[in-house]
Amino acid sequence: MNVPDREARVIPITDAPSYDEPAPDPLAEALAFVRRRITGDYEVDEFGYDPELTDKVMLELLRPLYHHWFRVETVELKNVPHDSGALVVANHSGTLPLDALMLQVALHDEADRPLRLLGADLVYQLPVLGHLARKTGHTLACPEDADRLLRKGELVGVFPEGFKGVGKPFSERYKLQRFGRGGFVASAIRAGVPIVPTAIVGAEEIYPKIGDLASLARLLGLPYLPITPFFPLLGPLGLVPLPSKWMIEFGEPVHTDAYDPSDADDPMLVFELTDHVRELVQQMLNELRLRRGHAFPPFL
Amino acid sequence: MTHTVLVTGVSRPIGARVASVLAADPGISRVIGVDTVPPPSLTREGGVSLGRTEFVRVDLRSPDIARVIADADIDTVVHMSLVSAPSRNAGRALMKEHNVIGAMQLLGACQRSATVRRVVVRSTTAVYGSSPKDPAVFTEDLEPHDGPVHGYAKDAAEVEAYVRGFARRRPDVTVTLLRFANFMGPGVDSPLTRYFTQPVVPTVFGFDPRLQFVHEDDAVEVLRRTATEDHPGTFNVAGAGVLLLSQCVRRAGRMPLPLPSPAFRMLGNTVRRMGLVDYSPEQLRLMSYGRAVDAGRLEAELGWRPKFTTGAAFDDYLRSRELRPFGGVPR
């Protein structure tokens with residue numbers, strides 16, 4: 001019998017058409033995760049962003065709130081660039097900035113993009129909160145950090161209303177406050193990245209602020225100390241957000257690459273563009289609010 | 001062209017290594033090393049061989065340094081002598097005098113000299129301070145919100161001001177100012193390297209600062225390059241990337257002890273009084289808010305980047321001290 005004088009060719013089993021990657025063992029994965037955390041074997045970027053901790057722990061804690069409590073629905077997610085730098089500009093509301101966290105879950109899970117928010121320096125002075133903010137990818141609202149993130153092609157988020165927006169009374173819900181000094185527009189022009197106007201509907205109703213303990217807030221160094229129908233009346237129970245229905249819409253991007261980076265120093269242009277973005281967000285808010293209907297469906 | 005190089009601070013490990021590397025360079029005819037104390041002996045105290053470096057014992061605060069510069073026709077000065085921690089018996093006043101007056105004397109002598117062509121000064125990224133109100137990553141041009149007001153960092157900031165003044169008055173001299181992140185590696189003995197060898201490391205509760213290191217080999221290489229080529233300007237020197245303090249502690253297999261910041265400050269003051277570690281209010285700020293710098297300008301200027309990232313430098317240090325994470329293998 002004539003045996004061909006060559007070695008049998010080994011065909012790896014993974015080449016078989018019916019072969020599926022074996023499902024990773026969830027227990028082994030969890031153990032590997034714990035091992036990496038205990039031995040410090042993970043990477044953080046220069047801002048302190050820890051992608052693994054954010055995805056596996058921080059966002060995991062927020063996901064039930066996102067899916068089941070607020071039933072967040074995203075609209076026009078295609079307006080968020082897939083892999084290039086962009087500036088997401090959204091309205092801010094809700095007394096406590098839960099809208100920032102929900103926006104982060106939406107973009108992380110549905111658009112596969114980590115959101116790098118620019119926050120007030122108050123956040124970074126506080127223990128625990130400051131370093132959690134850094135670990136989940138956020139940094140201080142200053143031109144240097146914004147420019148740096150945008151140059152790296154990151155998706156940067158800002159709430160130009162700041163404390164004026166998040167701490168406004170319930171009676172002024174869905175009315176955009178002043179948009180800061182337009183620093184975010186200057187950063188977008190310098191980096192030549194699009195601005196994505198974003199409307200968040202639903203956060204206004206989670207803690208309806210009907211009063212303010214202003215003098216106590218000043219004593220504690222806080223921008224405001226809210227009175228809601230349930231806080232401080234019910235104590236810690238009053239901190240449970242009301243389960244309003246949320247929608248987040250991403251608008252058509254406003255392109256800035258037609259401008260020269262030096263145009264960022266032209267205050268008139270920056271003001272006009274800031275106003276334009278503000279009007280876009282206000283319009284989107286009005287339409288999205290109608291589209292959502294009742295804040296607490298199906299009754300209220 | 002013959003070169004004569006003056007290196008200050010050669011009795012300390014990095015200064016000694018810079019002197020020996022320059023002494024090994026055939027393009028340099030003489031290397032003169034100065035320090036206030038004689039270098040540690042090779043055999044007993046683990047000193048670094050200085051090669052053909054000629055050692056001169058000079059107190060930088062005295063005008064003797066001017067005579068050394070004038071007599072030897074020095075053309076390159078590498079100023080490494082920046083003391084980061086007050087010594088146990090001398091204290092802070094002497095440290096400040098050494099750092100600031102020493103730099104003034106040296107720069108004054110350079111200004112008089114007709115032969116000096118190049119001055120390289122070691123500084124530190126601590127001049128940026130640490131603040132929750134500052135950008136996450138410092139570039140060389142950034143003015144910090146809260147500049148340093150204490151200790152070593154303040155000395156360095158003052159030395160930098162004198163260096164800038166000197167550069168203005170002698171535009172014909174190439175002045176390089178190097179802001180180093182914390183040195184890290186097998187041969188480094190600093191408050192930070194001693195901190196990670198303790199079984200229990202106190203941290204500030206609720207804060208996890210970003211830290212950056214530069215490996216001693218890279219530091220020596222940067223100093224060698226700037227001492228032998230013209231690279232005028234101010235440069236940050238740091239390994240790529242950052243490590244969080246919690247990550248360092250875990251990689252070293254130490255037990256963190258989170259203390260509220262007033263307690264951390266009290267503990268710091270107590271151990272300083274006992275002479276165990278250098279502790280200043282700057283440390284509390286660094287341990288709370290951390291600091292990271294952008295070393296891009298140096299990379300662009302030298303066309304070279306540090307071989308060790310911040311993580312690799314720390315791992316190399318851990319290997320040399322045989323530190324390992326809990327249940328882990330040495331990295």
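Residue numbers begin at 1 in each chain, while the letters A, B, ... track the order of the sequences. Scope of the values below: all heavy atoms of this structure, side chains included, with no hydrogens, waters or symmetry mates.
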Original post:
Of the listed residues (A:Phe47, A:Tyr42, A:Tyr124), which shares the most heavy-atom pairs with chain B below a 4.5 Å separation?
Top reply: A:Tyr42
Subject >> Residue B:Tyr289 versus chain A: region with a heavy atom under 4.5 Å >> reply: side chain
Subject >> chain B interface, residue from A:Glu43, A:Glu144, A:Lys135, A:Gln125 that has the most non-hydrogen pairs under 4.5 Å >> reply: A:Gln125
Original post:
Checking heavy atoms, do the side chain of A:Asp45, its backbone, both or neither come under 4.5 Å from chain B?
Top reply: backbone
Original post:
In terms of side-chain heavy atoms, does B:Gln212 have a donor or acceptor partner in B:Thr310 at a distance below 3.5 Å?
Top reply: no
Original post:
Charged N to carboxylate O under 4.0 angstrom, A:Arg148 versus B:Asp294?
Top reply: yes
**OP:** Side chain from CB out, backbone as N, CA, C, O: work out which of these in B:Asp134 comes under 4.5 Å of a heavy atom of chain A, or both, or neither.
**Re:** backbone
Original post:
With a 4.5 angstrom heavy-atom cut-off, which part of A:Arg134 approaches chain B: side chain, backbone, both or neither?
Top reply: side chain
**OP:** Sort out for me which residue in A:Asp260, A:Asp147, A:Asp266 forms a salt bridge (Lys or Arg N to Asp or Glu O under 4.0 Å) with A:Arg190.
**Re:** A:Asp147
Original post:
Between B:Glu301 and B:His231, is any side-chain donor less than 3.5 angstrom from a side-chain acceptor?
Top reply: yes
**OP:** Start with the C-alpha gap between B:Phe205 and B:Phe264, add the side-chain angles, then the distance that decides, and say whether ring pair (Phe, Tyr, Trp, His ring centres under 6.0 Å) holds.
**Re:** CA-CA 9 Å; B:Phe205 170 77; B:Phe264 187 90; over 10 Å; no
**OP:** Can you tell which part of A:Leu126 gets under 4.5 Å to a heavy atom of chain B, answering side chain, backbone, both or neither?
**Re:** backbone
Subject >> Side chain / backbone / both / neither for B:Thr139 at chain A, heavy atoms under 4.5 Å >> reply: side chain
Subject >> Salt bridge flag under 4.0 Å for residues A:Glu60 and A:Lys56 >> reply: no
